[in-house]
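Read the structure below first, then the notes.
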Amino acid sequence: MEKTNYELELKNERRHVCSLLYEIDRRKQQSFEMERKYNNTTATLQGLIDGLIAKINSKDSCLWDWELRYKETMRQLKGENAALRRVFAEENRKEKAENFKLRCELRRRTKELKDYKSQNDNNMERRSFLNEIEAPKENVPCRDLIELEKTTSDQIAALKEQLEETSEALKDMESRYSCLMVKQILTNREVQDARKESINGLNDVLTSRTTLVVKRMGEIDQKAFEVASSGKFPNEDWQETCAKLCSLWQQNVQDPKWHPFKMINIRGNLQEIVDEDDEKLKELRNEYGDVVYEAVSTALMEMNEYNASGRYAVPEIWNRKEGRKATMKEIIQYVIGQLKIHKRKRKRIL
């Protein structure tokens, strides 16, 4: 009886072991299938990202090249147009001067001949001399004048034709430039949409320990106020004072009625900067120092650049080490790096 029970229990254990082995094989198969799907998805995402980077770089390079060519061609055409206008003006001036000179000479000879006729009307020899003078007076200058006018007219016609050709070339370049501008606007819109999606997707992923962080542009750095308040109010509850002060100046930064900026000329380009002579800013600087002043000035410049009309802070992916806005290339490289790290972790788990 005991032997029968033992054999029965042994059979049950064997069936259980076989069931476990089958379950292990099935789960391994599922794991391999999941890893294959993950690898395919990663490869597809990598291809899409690489294609997007290549497309963006290609469009940027093409637009930059077309813009340079357009500017160079415009500069050349404007120079040629100006040169043609100068030549036209010079030829016109010469023509007018020559015509005036010929008319003066014609009047002078006519007057001389009239005087000569009145004084020597009965002298045949002098009449012959008069005829000799009169012929060149009537024919030579007039013929020269007609030929000069014809030559000048031909030159003017040629110059007008060149001006028309230059104008047509300028119109063609303007049309090409308009097409390029439309393409650039579409490309920029595509990049901006990708950037917005990146900000939304990485908002909960990026932390203060990563190279890239999500920074709210136009928001005052509270650390500056904490440093100033801890030194200015050491014996008081400076933390509460700091919070109130920072909140007050954040409201000032977001106030659309306050515009403490001025325009300056830098190498021929007008740029807008913070006006150091603004009364509010001068008072802030005198009372709390340069660190707080720089924090508020930075927030003002960011607000003016990113959301001058809405006057509220907007998120932006920021390169914390270099202190600038992160490029799309850096964002995509970060995403790819995170995918690779996640892939290695999954392999170690399996």
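All values reported here derive from a predicted model rather than from experimental measurement.
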Supply the atom-to-atom distance [X] [atom1] to [Y] [atom2], rounded to the nearest 0.5 angstrom.
X: Tyr312; Y: Arg216; atom1: OH; atom2: CZ; value: 10.0 Å
X: Leu281; Y: Glu276; atom1: CG; atom2: CD; value: 9.0 Å
X: Ser19; Y: Glu13; atom1: OG; atom2: CD; value: 12.0 Å
X: Ile220; Y: Gln254; atom1: CD1; atom2: CD; value: 8.5 Å
X: Asn319; Y: Thr210; atom1: CG; atom2: OG1; value: 10.0 Å
X: Thr211; Y: Glu322; atom1: OG1; atom2: CD; value: 9.5 Å

Would a distance-only check, ignoring hydrogens and angles, find a side-chain to backbone donor-acceptor pair under 3.5 Å from [X] to [Y]?
X: Ser230; Y: Val227; answer: yes
X: Asn203; Y: Ile199; answer: no
X: Ser247; Y: Ala243; answer: no
X: Glu226; Y: Cys242; answer: no
X: Asp255; Y: Gln251; answer: no
X: Asn304; Y: Leu300; answer: no
X: Ser31; Y: Arg27; answer: no
X: Glu305; Y: Gly218; answer: no

Using side-chain heavy atoms (C-beta onward) and a distance below 4.5 Å, is [X] in contact with [Y]?
X: Tyr306; Y: Lys325; answer: yes
X: Glu302; Y: Glu316; answer: no
X: Phe32; Y: Arg36; answer: no

Output a table of donor-acceptor pairs, distance under 3.5 Å, between side-chain atoms of residues 284-296 and any protein atom two or more places apart or on a different chain; print 'none' if there are none.
unit_1: Arg285; atom_1: NE; unit_2: Asp290; atom_2: OD1; d: 2.9
unit_1: Asn286; atom_1: ND2; unit_2: Lys282; atom_2: O; d: 3.0

Can you list, pair by pair, the side-chain donor-acceptor contacts under 3.5 Å of residues 259-268, counting residues two or more places apart and other chains?
unit_1: His259; atom_1: NE2; unit_2: Glu272; atom_2: OE2; d: 3.0
unit_1: Asn265; atom_1: OD1; unit_2: Gly268; atom_2: N; d: 2.9
unit_1: Asn265; atom_1: OD1; unit_2: Asn269; atom_2: N; d: 3.4

Shared hydrophobic cluster for [X] and [Y] (ILVMFWY, side-chain gaps under 4.5 Å):
X: Leu339; Y: Ile317; answer: yes
X: Ile336; Y: Ile331; answer: yes
X: Val213; Y: Tyr334; answer: no
X: Met303; Y: Trp249; answer: yes
X: Val214; Y: Leu212; answer: yes

- Item | Over 12 non-hydrogen atoms of neighbours within 6.0 angstrom of CD in Glu283 |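 Check fails, neighbour count at 12 or below.
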- Check whether more than 12 heavy atoms from other residues, nucleotides or ligands sit under 6.0 Å from atom NZ of Lys223, and answer yes or no.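 For Lys223, atom NZ is not crowded (no more than 12 foreign heavy atoms under 6.0 Å).
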- Hey, are Arg324 and Glu330 close enough for a salt bridge, meaning a charged N less than 4.0 Å from a carboxylate O?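 So Arg324 pairs with Glu330 through a salt bridge.
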- Query: Less than 4.0 Å between a side-chain N and a carboxylate O, is that true for Arg26 and Glu23?
  - Reply: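 Between Arg26 and Glu23 there is a salt bridge, with a charged N closer than 4.0 Å to a carboxylate O.
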